[in-house]
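Reading through the structure tokens given below for one structure.
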Amino acid sequence: MTRLRRSFGAPMAALIVLLTGTWVLGLIAAPQVIMIEQSLWKMDRPAGADELSVQIDRLYNRLDMLMLDRAAARTLRTPSATEAKLAQIDAERAALAAEIADLETAERTPVKTWTLSNYAQMGQAHLRIFAKTILASLAVTAIAFAVCYPIAFAIAKLEPPRRAALIMLALVIPYAINELLRVFAWQMILNYGGPLNAALGLVGIGPVPFLESGSGVFVAMVYAYILFMVFPLYNVLETLDTNQIEAARDLGAKTWQIHRRIVLPHARPGIAVGCIMTFMLSAGSYSVPYIMTRGTAAPWFAQLVYNRFFQASDWNVGAAYAVSLLAVCTGFVFLMMRLLKVRLRDIAK
Amino acid sequence: MIPTPSGMDIALSGAAVRFGTFQAVHPTDLTIEAGEFFSILGPSGCGKTTILRLLSGFLDPSEGEVRIGGRPMAGIGPSDRPTALIFQNLALFPLMTVWENVAFGLEMRGWKTARRRARAFELLEIVALDGQGDKLPAEISGGQRQRVAIARALAVEPAVLLLDEPLSALDLKLRQHMRAELKQLQEATGITFVYITHDQGEALTMSDRVAVMNRGRIVQVGSADDVYDRPATAFVATFVGEMNHLPGRIESVAGDRARIATPGGSFLAPNPGGLAPGTEAVLFLRPERLHLLGPGEVAANGIDGHLLRRDMEGAFSTLIVETAAGRLTVQRVNSGAGGLPAGPLRLGFADSAGVILPAGETADDAA
Ligand SMILES: Nc1ncnc2c1ncn2[C@@H]1O[C@H](COP(=O)(O)OP(=O)(O)O)[C@@H](O)[C@H]1O
Ligand SMILES: [Mg+2]
């Protein structure tokens, strides 16, 4: 703080602190806190609601009886007697109606109860989808890594720098197109009538239900998020001194040994960043599974969360679902950092 | 316990390297004896590293052949050659400890951890790094890193050690110290050293023989005395050590000497190239071969001049003398007699002192 003030002056320092604070509170803390808060309560019917309902029924019966009395009163002999009887019944009716209205409001007004039960709402089926989503995201991450590592290495270390920059640019260009459009393109490619099945048909392989089997989601997801793997890997591999690779080779290392002992250890921070980003994006992806399956295959977890919120209108359970996903993702981040022996500082670099 | 494999000899025959259309190394014939300390000296960009990569196997010659220990090296990769390379930037592995660095080659050969650790610590002792084995390269000094690189290369018991300007990152004191150590190590191990440098001091002090290189060609191979005292070309004459140039024309030839006419007079000097009278040539003259002539003193060659400046450098002083043949540098041993008055003086030199060579590219042109 003092250092900030000394290097930027008081007004600048105040501005920096304000902006950082807004960032931390508004963009990082607030959404999580709100989500967690939502997930920890639910609206309950008030205590004794059953007795109330019986009581209300009884009052309605009384009201019906009064109506019968009122009908009978019309046939009284003297008009004055009729008048008096009617007035008495009406007054009683009004009182009764007011009482019913009160009781009904009491019955209907729910009370907010703090509870963990939202987290217990996930049934067998949803739990299975949750697990499937996590496993599939891990698989997407693994595939993306397996595809990107050789590519990033080849571009960073085997190509002359100028060509490497061009290739990276070429890799980015498709990502200038909206994600939805890219995914739709894959949807069309993998569709029954799509070019891939047409090509397979030419060699006599019957139409493959890529989309319906769920494998389409996989392909599209690897494609959609591959950039988030390739860039961190490329960046970190680019900083590897080529002489180190040559020194290892000169000392007798075979290609796989060079990768195991020199390249992969150097790439650890990039691997961690790439895996974390790919995993988080896959696990939380809504649009890719939505477009690719169009409901024909089992949904991904993000779709369930969406449904809780907007179809079941149960924001509390929805929030609990979302927080569960967040917890697993956070766990994954720490696991990756532990596995790769990467500290937050290395990742920040 | 220093590893004692005998060094191997190296032979390049017509070996050349082209990068696209750029001829980095012209066809070269070169023999390096087994157990020799051989330096390749040349300005930056002349192709020294390229030759070293040819020997270590990272590059294949575009034409010609490389043999090490009599065996043709075509198709043999860096990991299978009896060579070890010490990189210009050392290329230590920053994530491994010092001993793991040293043991890397042994690890690749499948040595068990305990055995290779013991061997690494032995080697570290040889290079005076006892007790540093468990540090990271970033935690030791530049000179120590240098030794780690040497130990790492020695660990694989190479017959040929290739060193690419390994001392260039060190400061002067340390550099001079490491020169002596390297020379000692080479003598103790009997390994063939091929040492690359653009520093003539390093090349002259350590080497059994020096190859001077310019623009992808080896222009002279010889002992330190050869290249210093008997340069073969204008480039070698000017690249190695200080040199005065006196351009002129050959007047007459007598045996292995010739008389060359310059604007400062005509001088008798060795003519190793056998240049014919009438040829444009340059007389090259070392500053320490020029001396002041006292009154009445005579020398084979004499030239009048005018003292411009005297720089006292401790053991000797440098005089800048203006003459009709241009500005000459003279080095005088410091006899304790003190300075000289500025003004006219006469310089002399023996008829064996200089060398007449055809005019050609000099190190100053190349720079
Ligand atoms: N892989 C390469 N591709 C193209 N040119 C190269 C390559 N390696 C070196 N060169 C060029 O070859 C020349 C000699 O390089 P090098 O052997 O590294 O010189 P030095 O004597 O300084 O070690 C330089 O002009 C350099 O630019
Ligand atoms: Mg070099």
Side-chain angles (χ1 to χ4, degrees), chain A residues 149 152-154 156-164 166 232-233 235-274 336-349, chain B residues 19-20 49 52-59 76-97 100-111 116 120 123 136-137 145 148-158 160-166 169:
Chain A
Y149 179 74
F153 180 78
K157 284 293 133 212
L158 307 180
E159 294 292 333
R162 185 192 297 251
R163 186 123 47 98
L166 273 180
L233 285 181
N235 277 339
V236 75
L237 288 176
E238 224 228 86
T239 62
L240 175 62
D241 176 11
T242 309
N243 281 349
Q244 279 185 31
I245 297 175
E246 294 195 337
R249 168 151 293 142
D250 189 56
L251 292 168
K254 299 182 180 54
T255 302
W256 68 269
Q257 286 173 315
I258 292 175
H259 283 276
R260 191 175 64 80
R261 292 292 276 134
I262 311 293
V263 186
L264 282 170
H266 175 86
R268 277 191 332 229
I271 297 174
V273 171
M336 284 311 282
M337 282 168 51
R338 171 62 67 85
L339 276 182
L340 294 170
K341 300 195 196 71
V342 179
R343 284 158 306 166
L344 273 178
R345 198 147 37 102
D346 302 326
I347 291 184
K349 270 190 282 181
Chain B
F19 295 118
T49 298
L52 216 56
R53 292 174 70 78
L54 219 47
L55 300 181
S56 57
F58 287 109
L59 262 180
I76 300 180
S79 33
D80 300 319
R81 294 195 180 190
T83 59
L85 180 56
I86 295 182
F87 288 77
Q88 201 158 359
N89 67 354
L90 304 185
L92 296 181
F93 306 129
L95 302 175
M96 297 182 203
T97 60
E100 285 174 319
N101 264 279
V102 174
F104 186 82
L106 304 175
E107 184 187 340
M108 296 303 111
R109 281 161 179 69
W111 285 37
R116 62 174 194 261
L123 284 158
L136 288 175
R145 277 201 283 277
V148 175
I150 292 169
R152 184 176 73 175
L154 289 180
V156 297
E157 311 204 345
V160 175
L161 193 61
L162 307 167
L163 303 101
D164 191 351
E165 309 205 21

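Naming convention: chains lettered A, B, ... in sequence-line order (proteins, then strands); numbering from 1 in each chain. Atoms considered below: every heavy atom in the structure, side chains included; atoms not considered: hydrogens, waters and symmetry mates.
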Report task. Using non-hydrogen atoms and a 4.5 Å limit, figure out which bit of A:R260 sits close to chain B: side chain, backbone, both or neither. Result -> side chain
**Report entry** Reported CD-to-CZ distance for the pair B:E107 and A:R261, which is rounded to 0.5 angstrom
**Finding:** 4.0 Å
**Report entry** Residues of residues 240-247 of chain A near chain B, each having a heavy atom less than 4.5 Å away
**Finding:** A:D241, A:N243, A:Q244, A:E246, A:A247
Query raised in the report: Given B:M108 and A:I258, is the side-chain contact (heavy atoms from CB on, under 4.5 Å) satisfied, shown in steps?
Result: CA-CA 10 Å; B:M108 296 303 111; A:I258 292 175; over 6 Å; no
**Report entry** Pairwise distance CG(A:L251) to CZ(B:R152) - rounded to 0.5 angstrom
**Finding:** 5.5 Å
Requested in this report: Please check if atom NZ in A:K157 has more than 12 non-hydrogen atoms from other residues, nucleotides or ligands closer than 6.0 Å.
Outcome: yes
Query - Residue among B:N89, B:L95, B:D80, B:L92 with most heavy-atom pairs under 4.5 Å to chain A - result: B:N89
Report task. With sequence neighbours left out, write down each residue that passes side chain to side chain donor-acceptor pair (under 3.5 Å) with B:T49, or none if nothing qualifies. Result -> B:D164
